[in-house]
**Q** 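My questions will all concern the structure given below.
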Amino acid sequence: MSPTSSSPDSNAAASAGPVTRFAPSPSGHLHVGGARTALFCWAFARGRGGKFLLRIEDTDQKRSSDAASVGFLKDLDWLGIDWNEGPEFTRPDGTIVGGGPHGPYFQSERLDIYNRYIDQLVREGKAYFAFDTPEELDAKRKAATAAKLAYRYDRAALKLSPAEVEANLKAGKPAVVRCKVPAGAITIHDLILGDATLPDGEVDDFVIRKVDGFPTYHFAVVVDDELMQVTHVLRAQEHFTNTAKHMVLQDALGFRRPTYGHLPIISNPDGSKMSKRDKDKALRAAVQAKGLTAPPTGTVAQERWTKWLGDKNVQLDFDDALRLAEALDVTLPEINVDDFKRSGYLPEVVCNFLALNGWSPGENVEKFDTAFLQQRFDLPRVQKTAAKFDRMKLLAFNCDAITGMDRERYVKLVREHGERYHPEFLQRLTADQFRMLADASHERSKTLEDLYKGNRWVVIADDKLAWEDSKNVRKAMLDGSPRGVDRLRELQPSLNAVGAWLAADIEAVVKGYADQHCEGQIGKVAQPLRVAVTGGTVSPPIFDTLAILGKASAMKRIERCLSTMA
RNA sequence: GGCCCUAUCGUCUAGCCCGGUCUAGGACACCUCCCUUUCACGGAGGUAACAGGGGUUCGAAUCCCCUUAGGGUCACCA
């Protein structure tokens with residue numbers, strides 16, 4: 001029986017809506033580009049009553065091994081992208097997604113299937129064994145480059161007689177299998193890019209099975225898309241010309257052809273490709289700018305440090321990078337979905353913004369949710385050109401979403417964010433204090449991180465608070481006459497006399513003082529107060545700030561400030 | 001370098017397929033002013049683009065060609 005005829009119910013798919021798939025190689029983290037591809041695939045299929053499936057392309061043994069290889073599933077889940085079929089994943093709430101009738105969904109577990117089809121092609125003379133060593137191929141490639149010619153495999157192995165091939169195989173000579181590509185131009189049909197014709201000879205006899213027995217990407221992808229009944233392949237534009245290879249394979253195997261759509265790349269503002277190495281790049285730049293020769297204490301081990309600085313290809317692991325970033329006071333560029341989560345972005349905002357990079361619904365609409373995306377997403381409106389990822393606009397969207405949500409939701413989300421990323425911060429606050437802080441922070445927050453980032457004064461011990469030495473601080477405390485510190489000293493007794501330490505009561509006292517001594521200019525006392533209790537010139541409204549701190553703490557800080565600065 | 005693709009404000013984009021309604025619209029960023037106890041938020045205004053050159057046409061951001069620029073791809077990676 002030929003494997004082709006064994007392909008299960010391949011007509012059944014047509015009636016049930018489109019089937020799309022997201023097929024990344026294994027990774028612990030989901031890259032934003034991948035996230036957008038997944039989002040589009042998901043929206044396209046689901047919005048049309050179809051199915052979205054997930055498949056892990058782990059055919060490169062060198063690159064895929066460890067248990068965290070599908071760590072990115074949590075990122076997809078966080079974004080709200082679920083899959084009808086694919087690897088099983090247990091959500092935080094205990095429910096399970098994934099599974100399905102076309103598994104396994106890890107290509108490394110499907111070797112038998114690929115081999116059946118590869119054997120078929122070899123039998124039919126549509127593929128052949130090749131014994132060229134990597135060194136030989138490399139030399140030929142170099143020669144072609146030197147001669148300014150495009151390298152194409154020269155079909156050396158095709159000149160071998162069947163007997164020679166047999167002998168080589170028997171002798172255990174390492175062999176790959178190559179696809180024998182028929183002569184002729186190939187026209188790719190793409191719903192986003194339109195048609196493109198590759199001239200005859202452009203596609204050479206590419207490898208479909210590697211020496212280690214694993215199929216190459218090209219082969220596995222074609223077989224699985226057929227077997228998993230995928231109808232629409234939406235993937236990054238870097239795969240565009242690969243499509244020709246896939247078409248050759250589909251023809252050789254007698255498979256139907258899915259519809260293709262190639263999505264534009266998302267790049268950095270400077271046009272470079274967004275890469276996980278950008279974090280290391282930012283860190284290296286900071287190290288250089290500060291002229292550091294040794295790692296800041298408590299960040300990166302010396303040995304690791306030397307290795308990292310010495311080789312641009314070495315990447316710091318996540319925790320090291322994080323510690324170093326904090327020590328150097330640099331903000332790491334967010335690249336992966338979980339970077340954005342850590343930075344306090346909302347999943348619905350990330351989805352919205354990602355969708356806007358490369359697609360738009362028109363009619364000046366740009367704020368929308370995934371339900372809308374499902375309803376409206378279509379291929380003709382997908383942009384053909386690469387989009388530069390604009391973090392400022394993302395931030396603005398996030399700000400709108402946060403300040404626009406009701407208070408209870410904000411409090412819940414910001415607490416959850418803190419529990420995950422700033423437990424030590426939370427520990428230092430009572431429930432009341434946290435609630436007051438959250439109330440005071442909501443309307444000025446652009447991310448869930450802002451509360452934690454901008455209010456270090458809350459968690460610093462009263463006797464550890466240090467006052468910034470900056471122009472603004474000096475202006476508030478020491479300039480003019482009377483000076484800020486003088487006013488503070490004057491205000492101290494009445495503040496101390498406040499009974500119920502509530503924002504409104506404090507405000508009454510301070511306002512009274514300002515009316516009497518500052519011609520009503522409350523800023524004249526508010527700023528010195530702020531500096532005294534927070535160490536800097538930025539905080540939530542001063543009366544909230546004082547209330548959150550509590551009377552004892554606030555008075556202690558004022559006293560300490562006065563004795564230090566005055 | 002070969003092949004393929006693309007080209008509207010600084011950025012994301014609407015408009016292009018079905019030429020006139022485009023002295024090109026929106027959003028982010030930027031600038032000015034207002035609000036204001038700091039920082040933000042908010043409000044009002046403003047600067048800012050059809051890559052260049054040829055056609056076609058009464059008329060082109062919209063159609064065609066060339067140039068230029070950018071991107072992708074040329075692996076036993078995906």
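Heavy atoms only: backbone and side chains are in, while hydrogens, waters and symmetry mates are out. Here is how names work: the chains are called A, B, and so on, in the same order as the sequence lines, proteins then strands, and each is numbered from 1.
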**Q** Between A/Lys453 and A/Asp450, does any NZ, NE, NH1 or NH2 come within less than 4.0 Å of an OD or OE carboxylate oxygen?
**A**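 Yes.
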**Q** Nearest-Å distance, CG (A/Asp544) to P (B/U37)?
**A**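 Answer to the nearest Å: 14 Å.
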**Q** Looking only at the side chain of A/Arg444 (C-beta and beyond, no hydrogens), which of the listed nucleotides B/C39, B/C76, B/A78 gets closest?
**A**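 Side chain of A/Arg444 sits closest to B/C39.
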**Q** Measuring only the C1' atom in each nucleotide, how far is B/A27 from B/A49? A whole number of Å is fine.
**A** 15 Å
**Q** Salt bridge or not for A/Glu57 and A/Arg235, using N-O below 4.0 Å?
**A**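 No salt bridge links A/Glu57 with A/Arg235.
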**Q** How close or far is atom P of B/A78 from atom CD of A/Gln107, stated in whole angstroms?
**A**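 Spelled out: CD on A/Gln107 to P on B/A78 is 9 Å.
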**Q** Is there a Watson-Crick or G-U wobble partner for B/G2 with both distances under 3.5 Å, and which nucleotide is it?
**A**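 B/U73 is the nucleotide pairing with B/G2.
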**Q** Which part of the nucleic acid, if any, lies within reach of A/Pro199 when heavy atoms closer than 4.0 Å are counted: base, sugar-phosphate only, or nothing?
**A** sugar-phosphate
**Q** Does A/Arg474 come within less than 4.0 Å of A/Asp469, counting only side-chain N to carboxylate O?
**A** yes
**Q** May I ask you to verify whether the side chain of A/Lys393 and the base of B/A29 hold a donor-acceptor pair under 3.5 Å?
**A**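 Absent.
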**Q** Is the closest side-chain heavy-atom distance between A/Arg36 and A/Trp359 below 4.5 Å?
**A** no
**Q** Given atom CE of A/Met392 and atom P of B/C9, what is their separation to the nearest angstrom?
**A**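 Result: 20 Å.
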**Q** What nucleotide among B/C76, B/G72, B/A75 has an atom nearest to a side-chain atom of A/Ile265?
**A**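 Comparing B/C76, B/G72, B/A75 against the side chain of A/Ile265, the answer is B/G72.
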**Q** From the set B/C28, B/G2, B/C77, return the single nucleotide nearest to any side-chain atom of A/Asp390.
**A**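 Of the candidates, B/C28 comes closest.
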**Q** As a test of understanding, state which of A/Leu263, A/Val382, A/Thr259 forms a side chain to side chain contact (heavy atoms under 4.5 Å, CB included) with A/Leu234.
**A**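 In the set A/Leu263, A/Val382, A/Thr259, the residue that makes a side chain to side chain contact (heavy atoms under 4.5 Å, CB included) with A/Leu234 is A/Leu263.
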**Q** Rounded off to whole Å, could you give me the OH-to-P distance for the A/Tyr153 and B/G2 pair?
**A**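 That distance rounds to 26 Å.
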**Q** Would the distance check show the side chain of A/Asp132 and the main-chain N or O of A/Ala157 forming a donor-acceptor pair, the cut-off being under 3.5 Å?
**A** no
**Q** In this structure, are over 12 heavy atoms from other groups packed under 6.0 Å from A/Lys180 atom NZ?
**A**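 Atom NZ in A/Lys180 is not packed in, count stays at 12 or less.
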**Q** Sequence neighbours excluded, which residues qualify as side chain to side chain contact (heavy atoms under 4.5 Å, CB included) partners of A/Thr385?
**A**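 Counting only residues at least two positions away or on another chain, A/Thr385 forms a side chain to side chain contact (heavy atoms under 4.5 Å, CB included) with A/Gln383.
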**Q** Quick one: look up who B/A48 pairs with, Watson-Crick or G-U, both distances under 3.5 Å, and put none if it's unpaired.
**A**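 In the structure as shown, B/A48 has no Watson-Crick or wobble partner.
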**Q** Any idea which of B/G72, B/U13, B/A78 is nearest the A/Asp60 side chain?
**A**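 So the side chain of A/Asp60 is nearest to B/A78.
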**Q** Under 4.0 Å between a side-chain N/O of A/Thr385 and OP1 or OP2 of B/G71, yes or no?
**A**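 The answer is no; no side-chain N or O of A/Thr385 sits under 4.0 Å from OP1 or OP2.
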**Q** I'd like to know if A/Arg55 and A/Asp225 make a salt bridge, using a cut-off of under 4.0 Å between side-chain N and carboxylate O.
**A**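 Yes.
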**Q** Have a look at A/Pro380 and say if it touches a base, only the backbone sugar-phosphate, or nothing, with a 4.0 Å heavy-atom cut-off.
**A**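 Result for A/Pro380 = nothing.
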**Q** Would you kindly give the NE2-to-C1' distance between A/His218 and B/A75, to the nearest whole Å?
**A**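 To the nearest whole Å, that distance equals 8 Å.
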**Q** Give the nucleotide from the list B/G42, B/A27, B/A78 with an atom nearest to the side chain of A/Glu366.
**A**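 Nearest nucleotide to the side chain: B/A27.
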**Q** Can you work out whether A/Arg152 or A/Pro215 has the more 5'-proximal nearest nucleotide on RNA chain B?
**A** A/Arg152
**Q** Given B/G72, B/U38, B/C4, which nucleotide is nearest the side-chain atoms of A/Val538?
**A** B/U38
**Q** Does some side-chain heavy atom of A/Leu249 sit less than 4.5 Å from a side-chain heavy atom of A/Phe219?
**A** yes
**Q** Return the nucleotide paired to B/C58: Watson-Crick means purine N1 to pyrimidine N3 with N6-O4 or O6-N4, wobble means G-U with N1-O2 and O6-N3, both under 3.5 Å.
**A**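 Across any shown strand, B/C58 pairs with B/G20.
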**Q** Say you pick atom P in B/C9 and the same atom in B/G26; how far apart are they, in whole Å?
**A** 16 Å
**Q** Roughly how many Å apart are B/U62 and B/C17, using the P atom of each and rounding to a whole number?
**A**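 Going atom to atom, P in each nucleotide, I get 9 Å.
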**Q** For nucleotides 23-25 of chain B, which of its nitrogen or oxygen atoms have a protein nitrogen or oxygen under 3.5 Å away, and what is each distance?
**A**
residue	atom	partner	partner atom	Å
B/G25	N2	A/Asn364	OD1	3.2

**Q** Are any of the side-chain heavy atoms of A/Gln107 and A/Pro26 separated by less than 4.5 Å?
**A** no
**Q** Using atom P in both nucleotides, what's the gap between B/U68 and B/C30 to the nearest angstrom?
**A** 37 Å
**Q** Using a heavy-atom cut-off of 4.0 Å across all strands, would you classify A/Thr534 as base, sugar-phosphate, or nothing?
**A**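 Nothing, no heavy atom under 4.0 Å.
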**Q** Return the nearest nucleotide to the side chain of A/Ala396; candidates are B/U37, B/C28, B/C76.
**A**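 Taking heavy atoms from C-beta onward, the closest nucleotide is B/C28.
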**Q** Would you measure the distance from the P atom in B/C28 across to the matching atom in B/G46 and give it in whole Å?
**A**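 Those two atoms are separated by 15 Å.
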**Q** Tell me what A/Lys446 touches on the nucleic acid: a base, only sugar-phosphate, or nothing, going by heavy atoms under 4.0 Å.
**A**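 Answer is sugar-phosphate: A/Lys446 comes under 4.0 Å of backbone atoms only.
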**Q** B/C5 base to A/Lys384 side chain: any donor-acceptor pair below 3.5 Å?
**A**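 No, no donor-acceptor pair under 3.5 Å.
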**Q** Distances under 3.5 Å between protein N/O atoms and the N/O atoms of nucleotides 43-48 of chain B, please, pair by pair.
**A**
none

**Q** Using atom CZ of A/Arg391 as one end and atom P of B/C12 as the other, report the distance to the nearest whole Å.
**A** 14 Å
**Q** Do A/Arg409 and A/Asp406 sit within salt-bridge range, that is, some charged N less than 4.0 Å from a carboxylate O?
**A** no
**Q** Verify the contact: side-chain N or O of A/Lys511 to OP1 or OP2 of B/U37, cut-off strictly under 4.0 Å; return yes or no.
**A**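 Looking at the OP1 and OP2 atoms of B/U37, neither is under 4.0 Å from any side-chain N or O of A/Lys511.
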**Q** Going by purine N1 to pyrimidine N3 plus the second Watson-Crick contact, or the G-U wobble pair, all under 3.5 Å, which nucleotide sits opposite B/A7?
**A**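 Pair assignment: B/A7 / B/U68.
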**Q** Any strand counts, and the cut-off is 3.5 Å on both contacts for Watson-Crick or G-U wobble. Which nucleotide pairs with B/C33?
**A** B/G43
**Q** Does the distance from a Lys or Arg side-chain N to an Asp or Glu carboxylate O, for A/Asp515 and A/Lys511, drop under 4.0 Å?
**A**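 Looking at A/Lys511 together with A/Asp515, the answer is no, because their closest N to O distance does not fall below 4.0 Å.
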**Q** Would you mind calling B/C64 syn or anti? Take O4'-C1'-N9-C4 for purines or O4'-C1'-N1-C2 for pyrimidines, and syn is within 90° of 0.
**A** anti
**Q** Using a heavy-atom cut-off of 4.0 Å across all strands, would you classify A/His262 as base, sugar-phosphate, or nothing?
**A**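 Nothing, no heavy atom under 4.0 Å.
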**Q** Does the B/G71 base have a donor-acceptor partner in the side chain of A/Gln237 within less than 3.5 Å?
**A** no
**Q** Which listed nucleotide (B/A78, B/A40, B/U37) is nearest to the side chain of A/Glu443?
**A** B/A40
**Q** Is A/Lys159 atom NZ crowded by more than 12 heavy atoms from other residues, nucleotides or ligands, each under 6.0 Å away?
**A** yes
**Q** Just compare B/C12, B/A40, B/A14 and give me whichever is closest to any side-chain atom of A/Gln383.
**A**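 The answer is B/A14.
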**Q** In terms of side-chain heavy atoms of A/Arg381, which of B/G15, B/G72, B/C77 is nearest?
**A**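 So the nucleotide nearest the side chain must be B/G15.
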**Q** Pick base, sugar-phosphate or nothing for A/Phe353, based on heavy-atom distances below 4.0 Å to the nucleic acid.
**A**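 No contact at all - A/Phe353 keeps every heavy atom at 4.0 Å or more from the nucleic acid.
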**Q** A/Val211 near the nucleic acid: base, sugar-phosphate alone, or nothing, with a heavy-atom cut-off under 4.0 Å?
**A**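 Counting heavy atoms under 4.0 Å across all strands, the contact made by A/Val211 includes a base.
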**Q** Students often get this wrong, so: under 4.0 angstrom with heavy atoms, is A/Arg178 touching a base, only sugar-phosphate, or nothing?
**A**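 If one applies the 4.0 Å heavy-atom cut-off, A/Arg178 turns out to touch the sugar-phosphate alone, with no base involved.
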**Q** Taking B/U11 as the reference, what is the distance to B/G52 when you measure between their P atoms (whole Å, please)?
**A** 15 Å
**Q** May I have the distance from A/Ile186 (atom CD1) to B/C3 (atom P), rounded to whole angstrom?
**A**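 Rounded to the whole Å, the gap is 16 Å.
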**Q** Whole-Å distance between B/C77 C1' and A/Arg235 CZ?
**A** 14 Å
**Q** Can you tell me how far C1' in B/U47 sits from the matching atom in B/U56, rounded to whole Å?
**A**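 Straight-line distance between the two C1' atoms is 36 Å.
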